[in-house]
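Read the structure below first, then the notes.
When a ligand or atom number is given, it counts from 1 through the structure's own listing order. The structure displayed is predicted, hence computed values, not measured ones.
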Amino acid sequence: MQIQTSALADAPLLAVVLTEGDLTVPAALDEAFGGALSQLVESEKFKAKAGSSLTVRGMGAVSNAWVGLFGAGEGDAEGLRKAAGAASNFARSKSLTGLSLQVPGGDAKAAEAIGEAIVTGNYRYERYLPEARQTKPLEAVSVTGLGDTTGLDAGVALGTARSLARDLINEPPADIYPETLAAAATKLSTDRLQVEVWGPDRLESWGAVGTLAVGRGSSRTPRLVHMTYTPAGESQGTIALIGKGVTFDAGGLSIKPSAGMVTMKCDMGGAAAVVGVMSALEKLGVNVTVHGIFAAAENMLGADAYKLGDVLRYRNGKTVEIHNTDAEGRLLLADCLCYASEMDEVTHIVDLATLTGAAVVALGEKYTALYANEQDFADTLLASAKESGEGLWQMPLENDYNALLKADIADIKNVGGRAAGSITAALYLQNFVAEGKTWAHLDIAGPAFLSKPTEHLDKGGAGPQVVTLLNWLRSL
Ligand code: BES
Ligand code: MN
Ligand code: ZN
């Protein structure tokens with residue numbers, strides 16, 4: 001999508017962004033409606049709360065099919081993000097293919113938020129809908145009134161990266177399984193982005209015991225994908241991003257009830273986020289080397305499925321006793337953490353995973369749970385999340401709870417019991433992070449898949465933390 005900065009005349013949607021401090025409808029527009037718009041602001045008690053809107057048909061009063069007033073709260077970058085997202089979302093819901101967005105000023109960061117939100121708000125997954133239920137995406141967009149427009153293109157790149165993650169999450173598990181998820185990564189290969197895929201033989205010879213165990217119950221064999229981004233200029237550091245790529249989580253022999261299984265195509269949301277991030281690094285001119293790594297497997301109940309009581313011996317020597325085959329994400333993430341830990345140049349490791357129902361219970365669909373082994377790094381990620389308008393909430397990596405993971409015949413077991421379920425999952429992962437590496441774990445189980453839409457996000461796959469991580473990587 002290309003956003004122009006001269007006003008699109010006759011756009012099907014004319015969207016005027018107002019702030020709480022100034023509810024004045026532009027005079028010419030109000031006059032065209034005989035003063036009805038300002039009357040509507042009064043009678044509907046429109047206060048320009050961020051994300052709120054008042055929309056009317058043009059009815060011949062103007063050349064636009066629709067006119068909308070969109071609230072930006074205090075008019076800061078976050079308020080403008082919500083207004084732009086709501087306008088773009090409204091355009092999509094009505095199949096309006098052109099948007100003229102008028103904002104009351106904004107700096108480069110605000111422009112970036114607006115560009116991102118226009119892409120994000122316009123997103124739908126409609127591949128399998130009958131034509132009558134399909135909607136039209138935006139084709140032409142203008143944004144006017146910004147003080148600085150330089151961030152618009154970067155914003156569009158951020159939103160597009162997120163859309164890729166959302167598409168991968170939304171695709172049914174018959175379409176996205178380990179082989180095709182790996183192929184989606186391979187498709188992104190460029191000179192600066194190399195992609196390597198490990199099949200079962202390489203997993204076996206390397207010793208990816210967790211990934212192999214989880215994948216054994218399925219006729220779709222597992223994969224490990226290693227994407228490497230090399231910056232054009234001198235690299236300013238080396239980062240590893242790791243994603244959970246369980247393309248369907250039936251729970252294995254510890255089978256899930258149907259109600260809990262129905263959305264489990266989203267269990268590769270971490271891998272999807274990694275692919276989304278990797279897809280935008282070159283465009284955004286990121287200056288660090290980034291390794292994007294994910295393990296992909298289907299957690300099924302086939303005749304060769306891994307069993308309760310099995311013991312895995314990992315690359316780093318740790319042994320794990322399986323107590324529940326539905327705690328599978330941590331098993332394959334542990335392989336990836338071992339792999340990244342063996343790379344000497346890597347200083348920071350971030351993993352993303354739809355890891356625990358406990359994180360959903362604790363924080364709902366708005367917040368990702370953040371765990372980190374260094375407070376400075378947690379603070380850095382929290383600041384990036386604030387900039388991207390995403391919910392990120394730090395949880396304690398409480399080492400006293402390590403006792404809950406102690407096993408009888410191995411170092412640790414793969415579950416810690418009901419209490420503190422999201423924390424013990426993080427503690428499990430910590431066993432596979434080498435000493436000296438800065439590490440953060442993002443449990444995205446809640447925000448990866450929305451059960452209902454927000455002001456500007458459609459329900460379904462949501463691609464959380466793609467924008468946050470890109471904002472962090474751009475700052476390095
Ligand atoms: N994929 C699930 C976690 C999940 C739940 C993601 C809801 C998204 C929405 C994970 O593999 C899982 O099953 N976790 C178990 C762990 C338990 C057996 C220790 C859970 O949370 O119940
Ligand atoms: Mn599971
Ligand atoms: Zn899972």
(message) For a distance under 2.8 Å, give residue and atom name for each protein N, O or S atom next to the Mn ion (ligand 2).
(response)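 Near the Mn ion (ligand 2), below 2.8 Å, one finds D249 OD2, D326 O, D326 OD1, E328 OE1.
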
Under a plain distance cut-off of 3.5 Å, with no hydrogens placed, do [Y] and [X] share a side-chain donor-acceptor pair?
| X | Y | answer |
| --- | --- | --- |
| Q194 | Y229 | no |
| E345 | T238 | no |
| T289 | S235 | yes |
| R92 | T135 | yes |
| Y371 | S422 | yes |

Report the relative orientation of the aromatic rings in [X] and [Y]; use parallel for angles under 30°, tilted for 30 to 60°, perpendicular for over 60°.
| X | Y | answer |
| --- | --- | --- |
| H441 | W439 | parallel |
| W206 | Y339 | perpendicular |
| H348 | F377 | perpendicular |

Show which atoms of ligand 1 fall inside a sub-4.0 Å distance from at least one heavy-atom site of [X].
| X | value |
| --- | --- |
| M264 | 1 (N), 4 (C), 5 (C), 6 (C), 7 (C), 8 (C), 9 (C) |
| V415 | 19 (C) |
| G357 | 3 (C), 5 (C), 20 (C), 21 (O) |
| E328 | 11 (O) |

(message) Using a 6.0 Å cut-off, check whether atom NZ of K437 has over 12 heavy atoms from anything other than its own residue.
(response)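 Above 12, so yes.
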
Tell me if a side-chain donor or acceptor on [X] pairs with a main-chain N or O of [Y] at a distance below 3.5 Å.
| X | Y | answer |
| --- | --- | --- |
| N122 | V119 | no |
| D267 | F248 | no |
| R330 | L429 | no |

(request) Please find out if less than 6.0 Å separates the ring center of F432 from that of Y314. (result)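 Distance test on ring centres: under 6.0 Å, yes.
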
(request) Please report which non-hydrogen protein atom sits nearest to atom 16 (C) of ligand 1, along with the residue it belongs to and the distance in Å to one decimal place. (result)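 Heavy-atom neighbour on the protein nearest atom 16 (C) of ligand 1: R330 NH2, 4.0 Å.
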
(request) Can you pull out the closest protein heavy atom to atom 2 (C) of ligand 1? Residue, atom name and distance to 0.1 Å, please. (result)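 It is D249 OD2, 3.6 Å.
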
(request) Report the residues that fulfil side chain to side chain donor-acceptor pair (under 3.5 Å) with N373, sequence neighbours left out, ordered by chain and then residue number. (result)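 If we apply the side chain to side chain donor-acceptor pair (under 3.5 Å) test to N373, skipping adjacent residues, there are no hits.
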
Extract all donor-acceptor atom pairs below 3.5 Å that involve side chains of residues 255-266 and protein atoms in other chains or at least two apart in sequence.
from : atom 1 : to   : atom 2 : distance (Å)
K256 : NZ     : D326 : OD1    : 3.2
K256 : NZ     : D326 : OD2    : 2.9
K265 : NZ     : N170 : O      : 2.7

(request) Would you kindly check if the NZ (Lys) or CZ (Arg) of R220 is within the cone defined by 45 degrees around the ring axis of Y177 and under 6.0 Å from the six-membered ring centre? (result)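 Yes, a cation-pi geometry.
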
(message) Is the contact between M268 and ligand 1 made by the side chain, the backbone, both, or neither, using heavy atoms and a 4.0 Å cut-off?
(response)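 It is neither; nothing of M268 touches ligand 1.
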
Are any of the N/O atoms on [X], whether in the backbone or the side chain, positioned under 3.5 angstrom from an N/O atom of ligand 1?
| X | value |
| --- | --- |
| T356 | no |
| N324 | no |
| K244 | yes |
| A358 | no |

(message) My understanding is that we take every heavy atom of each candidate and find the minimum distance to atom 10 (C) of ligand 1. Doing that for L355, D267, I444, which one comes out nearest?
(response)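 That would be L355.
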
(message) Given V246, N414, T354, D326, identify the one with the heavy atom nearest to atom 6 (C) of ligand 1.
(response)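 Shortest heavy-atom distance from atom 6 (C) of ligand 1: T354.
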
(request) Spell out the protein N/O/S atoms under 2.8 Å from the Zn ion (ligand 3) as residue plus atom name. (result)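 Protein N/O/S atoms under 2.8 Å of the Zn ion (ligand 3): K244 NZ, D249 OD2, D267 OD2, E328 OE2.
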
